[in-house]
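Proteins come first, then strands; the chains are lettered A, B, ... in the order of their sequence lines, and each starts at number 1.
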Amino acid sequence: MANLTLQNVKKSFGAVEVIPGVDLEITDGEFVVFVGPSGCGKSTLLRLIAGLEDVSDGDIRIDNASVVDVPAADRGVAMVFQSYALYPHMTVRENLSFGLENIRMDKAEINRRVSDAARLLQIEQLLERRPKQLSGGQRQRVAIGRAITRDPKIFLFDEPLSNLDAELRVLMRVEITKLRERLGNTMIYVTHDQIEAMTMADKIVVLRKGIIEQVGAPLELYNHPRNLFVAGFIGSPRMNFVEGKVSAVAPGQVVFEAPGLPPLTLPGALAQSMEAAPATLGIRPEDFVVSRDAGAGWPVTVGVAEQYGANSYLHCTLAGEVPILVHEAGQSLARRGDVLYLAPRENHWHLFGAGGAAIERQA
Amino acid sequence: MTDLSQAKPGLSIVEFATRRRGRKRLDWTDWLTYLYLFLGLVVMFTPVLWVAISSFKTPANLTEFPPTLLPYANQTAVVEGHDEPLPLFDVVGEDGESRRLAQLRRVGIQAQMVDPANPEERIVVPVGDATPVRQLYLATENYTNLLTSSGGQIWRYLFNSLFITVVATAITLVMNSMAAFALSKYRFRGSNIALVSILATLMIPATVVLVPTYMIVAQLGLVGNLWGVILPTVATPTGVFLLRQYMLTIPDELIEAARMDHASEWRIFWRIILPLSSPALAVVAIFSILSRWNDFLLPLVVLTRRESYTLQLALASFQTEYGVRYEILLAMTTLTALPLAFAFIFLQRYITSGIASTGIK
Amino acid sequence: MSARVQLASAAGAILSLPARLIEPAMSGIQRGVGIKRMPWVFLLPNLVAVILFALLPVFINVFYSMSGSDRLFPWDRPFVGGANYQSLLDCTNYLDPSTCSRDLFWRALGNTMVFVPVQVICMIAIALLTAICLNRDIVGRGFFRGIFFFPVMLSPVVVALTWQWILQRNGALNGLISAAGLTPVNWLIFPNTAFFWSVFVTVWAHMGFYTIILLAGLQAIPRDVYEAAKMDSASPWRVFTRITLPLLKPVMLVVFILAVIRSVQTFDELYVLTGGGPGSATMLMVQYIYEVGFAAQPRNFGLAAAASLFLGLALLIFTGIQMRISRGGNND
């Protein structure tokens with residue numbers, strides 16, 4: 001169990017700069033999720049921490065000791081790979097014990113650790129099988145088990161659930177969360193799936209093009225995205241965006257104008273007063289007040305109404321071109337061609353300036 | 001169908017005709033295929049079968065023309081008063097009756113014979129009236145003579161061939177897979193140059209560099225030594241290539257996992273990569289065994305001393321030395337081909353799939 | 001070194017290779033040189049062998065071809081410049097080998113230039129026909145595949161002796177011929193028949209190899225392409241020329257290059273079957289190199305090296321042209 005500090009960590013492959021400089025602090029026992037679209041450098045960052053890649057510049061410290069020159073095996077970290085990376089020609093038991101044999105650990109101690117890990121993960125009856133004879137979920141458990149036997153300070157997970165089907169993924173998500181509660185180790189988890197990030201993390205690190213866009217607790221990111229990218233990335237279905245401009249900012253009243261639409265008064269206030277400026281308005285699908293009365297907001301035309309039973313999603317268009325997704329709890333009565341009038345809920349809207357940075361609301 | 005052909009104005013009469021025939025093709029093309037394959041069976045297989053059968057014929061049987069299909073030998077009988085067994089003949093007498101006599105000697109068109117039951121009386125018979133009494137006979141003495149003749153030299157040749165094949169193959173496997181591992185699983189400066197310089201040797205036929213290779217072997221003091229044949233052949237570019245291509249398919253994550261498991265690089269190679277490469281290793285091993293066992297030109301040049309001969313060299317030299325003794329030559333030919341024939345029966349699938357995969361890549 | 005010691009040492013070395021000796025040594029090396037240089041450690045043995053027995057000889061060969069005398073070691077050999085090449089190329093009339101000072105070289109060259117195209121074309125045609133037959137839905141496919149392949153496994157010496165035994169004056173072939181009421185022929189005594197059988201025997205011995213490659217190529221053509229062609233009511237011949245052959249082209253190129261390179265290098269079978277005879281009717285380039293450099297006294301290494309460089313150069317040009325063609329073919 002350990003603290004992890006990244007100081008100005010840089011990585012380039014040849015002329016390509018993958019990570020232009022990352023600073024991050026992870027405290028003991030935290031479950032941190034790196035999330036971002038593919039190619040954002042999240043896996044590279046994990047591999048730098050693991051020691052599978054060398055940093056081009058900067059420092060990585062585990063428990064305040066620099067590990068950039070320490071080989072992967074000696075950093076006290078264990079990794080669960082995306083493809084599990086189980087040795088196909090070895091039995092589960094051999095897979096679990098291979099690393100311990102390599103450091104010439106006492107036979108009895110190896111057996112104890114292997115059986116402890118097997119019991120913890122409920123794979124005791126699989127110990128003599130080979131990876132080929134296991135299901136995807138079982139392989140996943142073995143891969144985690146291999147990490148556990150090494151008793152690492154930090155667990156690293158590289159998209160461990162991406163090879164499982166949807167149902168199993170939900171199951172394993174819960175399992176990993178439970179496991180983490182029992183072990184209490186620091187864990188770093190890489191995924192491109194923001195639902196995994198939201199449900200598992202203590203702290204989410206959103207990455208784009210090797211740069212940290214925002215760090216924070218899941219709901220903090222959800223409620224207060226720092227910029228357009230995080231706002232669009234966190235949350236499913238995605239936040240709706242309308243481009244336009246903020247026209248007048250009187251205290252306690254913000255008016256947003258979009259081309260071809262009546263001005264919309266946003267309920268709530270900004271932290272600071274500002275000049276009229278181009279901006280993007282973001283509203284999550286569940287944050288609309290839906291009305292059938294004209295004048296109660298922007299008019300949208302319903303295209304497709306998806307009925308989930310407990311929820312409904314209305315795919316609408318605003319001013320004939322901007323797509324807007326609206327969530328309604330329960331079963332919606334809206335049908336194709338209906339015109340609805342939308343307004344944001346109080347303090348549940350987001351404004352982003354021309355550069356994409358959020359314009360903060362008054363708390 | 002008719003609509004379709006009418007809709008296509010370009011359809012010629014020839015095409016139309018072949019298409020009609022095409023419907024019946026299940027019959028005649030299948031017949032042609034089987035005809036061809038059975039013809040192939042005869043042409044490919046009978047020569048070898050013929051050599052094997054011939055190797056069981058006695059010298060006298062071998063010189064007959066036209067040759068007999070199966071190995072025959074003259075039946076003989078021990079006749080009182082003669083040390084050697086005498087060949088038996090069926091003789092048709094003047095009365096048209098057939099008698100079985102033993103031949104003593106032949107003089108021109110006459111033969112002196114005796115009746116085994118009555119050895120005192122000599123009978124003179126025209127050769128044309130006598131037909132030899134023959135029976136199927138496997139002349140296994142061809143093989144026993146071969147194995148025991150000239151002080152069992154053949155065991156020496158067999159040992160040399162085996163030694164070269166086994167040692168060269170073992171070294172080839174270890175060396176090639178080490179190089180393939182380095183070239184497939186590491187990113188390092190110079191890896192491309194190393195790969196290209198190894199693969200470039202594919203383009204250098206062994207015969208082209210025969211003289212300098214011999215010189216280097218001589219410089220190493222290995223002329224007439226089995227190692228002189230082993231060392232020049234171990235660094236096969238095809239082996240490196242095949243193994244590298246295979247190892248590229250082993251996921252890098254396995255190696256990273258092993259590295260995080262405190263495995264040394266050699267241990268990763270020996271415990272992870274080698275076991276996982278066994279299909280490719282099998283193919284390389286088979287190729288190596290085949291070509292080392294059958295090697296001819298390099299051994300011919302390097303192994304100058306009789307006691308360092310391989311089976312192939314001995315066989316080729318038998319051809320000139322024992323040119324008249326076909327029975328020995330044939331027995332040895334059969335013996336030399338035998339180990340590979342057995343290997344082939346068991347490994348056919350591996351061998352053919354291996355060749356197919358190298359050829360395609 | 002006695003035989004027994006050699007065997008024991010080899011067996012011992014192989015058995016104790018993994019655990020006892022190499023692993024601690026290699027771990028030590030890894031500690032010494034660091035993990036970054038380990039690939040070079042793995043490469044080293046192979047690289048040494050490649051340099052020593054493949055790359056270095058090429059350069060030495062160039063020197064050999066430009067030096068004289070029958071001495072083996074380069075430092076004993078006087079430099080003669082282009083004399084060996086001059087001697088090879090010295091002819092009063094290039095259309096008549098007997099006017100050349102090295103007439104055997106020109107005969108071997110001529111024989112090779114006839115032998116290679118004839119042998120390669122016959123072999124690939126037969127191999128393709130066989131592969132097509134084996135690719136059909138037939139009974140006993142594995143058996144027939146084995147039958148056509150097994151001569152590849154036989155050593156060239158065995159192949160040559162087998163056919164010599166069949167083709168000899170009192171051999172099985174003449175037995176069949178006389179049984180059919182025809183006059184037996186002494187096949188290996190006449191230049192034309194000897195040349196024919198040289199081609200036949202080398203095709204017999206090697207076609208199985210190419211059959212297997214072509215068969216794999218045929219099997220790699222997806223079934224649905226044929227089914228689509230059937231839906232388009234294509235005739236078998238059109239299917240063959242418009243679908244099978246074009247899709248088989250990359251494999252055919254590989255087969256062609258391999259076949260030519262090996263055909264040019266033909267030596268063992270003919271050395272034993274005909275000895276290059278009658279006269280020099282079946283002597284090819286490699287045998288010429290062997291005869292000049294090793295069999296003849298005094299050994300003329302310089303001439304052999306010059307001839308082999310000539311051969312190597314021809315192969316290089318051929319492969320270069322082939323690569324160019326195949327690359328051009330891949331672009332369209």
Side-chain angles (χ1 to χ4, degrees), chain B residues 4 15 18-19 22 25 33 36-37 40-41 44-45 47-48 50-51 65-67 159 167 170 175 178-179 181-182 186 188 194 198 201 204-205 207-209 211-213 215-216 218 232 234-235 264-266 270 290 294 296-297 301 312 315-316 333 336-337 340 344 348 352 355-356 359-360, chain C residues 3 10 14 18 23 26-27 30 38-39 42-43 45-46 49-50 53-54 57-58 60-61 64 72 133 136 138 144 146-150 153-158 161-162 165-166 170 172 175 178-179 209 212-213 216 233 235-237 254 265 267-268 272 286 293-294 301 304-305 308 311-312:
Chain B
L4 197 67
E15 276 171 300
T18 48
R19 196 164 58 90
R25 112 193 106 112
T33 304
Y36 176 80
L37 290 178
L41 175 69
M44 302 311 279
F45 195 59
V48 175
W50 179 245
V51 167
F65 186 83
F159 167 81
V167 173
M175 247 170 60
M178 279 168 70
F181 175 53
Y186 291 93
F188 61 102
I198 288 175
T201 60
I204 308 169
T207 45
V208 170
V209 292
V211 178
T213 304
M215 189 277 288
I216 290 170
V234 287
S264 69
E265 298 306 294
W266 175 262
W270 195 262
L290 261 182
N294 290 340
F296 186 68
L297 185 56
V301 169
Q312 310 295 342
L315 189 55
T333 307
T336 312
L340 287 182
F344 177 64
Q348 193 205 341
T352 50
I355 286 175
I360 297 285
Chain C
I14 291 165
E23 185 157 345
M26 292 295 277
S27 313
Q30 189 177 334
M38 280 310 281
F42 281 107
L43 264 178
N46 210 79
V50 162
F53 292 109
V58 173
I60 297 177
N61 221 17
Y64 267 118
L72 178 60
C133 286
R136 295 173 61 98
I138 49 163
F144 282 114
I147 287 297
F148 280 96
F149 178 76
F150 91 94
M153 311 266 302
L154 298 177
S155 85
V157 181
V158 167
L161 288 178
T162 299
W165 174 239
I166 286 167
N170 291 334
S178 65
F209 182 82
I212 296 296
I213 298 179
S233 53
S235 69
W237 176 249
V254 170
Q265 294 188 55
F267 168 70
D268 328 27
V272 178
V286 174
F294 294 91
F301 292 125
S308 66
L311 188 69

What I'd like to find out is whether the side chain of Phe148(C) reaches to under 4.5 Å of the side chain of Leu37(B), using heavy atoms alone. yes
Just say parallel, tilted or perpendicular for the rings of Trp266(B) and Phe42(C), cut-offs at 30° and 60°. parallel
Taking all atoms of both residues into account, what is the closest heavy-atom pair of Tyr64(C) and Pro212(B), and its distance? CE1-CA, 3.9 Å
Please examine the side chains of Val157(C) and Thr336(B), heavy atoms only from C-beta on, and report whether any two atoms are closer than 4.5 Å. no
Students often mix this up, so state it plainly: with edges at 30° and 60°, are the rings of Phe150(C) and Phe45(B) parallel, tilted or perpendicular? perpendicular
Backbone N/O of Met153(C) and side chain of Asn294(B): donor-acceptor pair under 3.5 Å: yes
Quick one: are Leu43(C) and Phe188(B) in side-chain contact, heavy atoms under 4.5 Å? yes
Cut-off 4.5 Å, heavy atoms of chain B, and the answer for Leu161(C) is side chain
Closest heavy-atom pair, Val209(B) versus Pro57(C), reported as atoms and distance to 0.1 Å, is CB-CB, 3.7 Å
About how many Å separate OG1 of Thr33(B) and CD1 of Ile138(C), when rounded to the nearest 0.5 Å? 7.0 Å
Considering only heavy atoms, which portion of Val50(C) lies under 4.5 Å from any heavy atom of chain B: side chain, backbone, both, or neither? both
Which atoms of Phe296(B) come close to chain C, meaning under 4.5 Å heavy atom to heavy atom: side chain ones, backbone ones, both, or neither? both
Has the side chain of Gln30(C) got a donor or acceptor atom that lies under 3.5 Å from a matching backbone atom of Glu265(B)? yes
Which residues pass the ring pair (Phe, Tyr, Trp, His ring centres under 6.0 Å) test with Phe267(C), sequence neighbours left out? Tyr271(C), Tyr290(C)
Out of Val211(B), Leu315(B), Val51(B), return the one with the most heavy atom pairs under 4.5 angstrom to chain C. Val211(B)
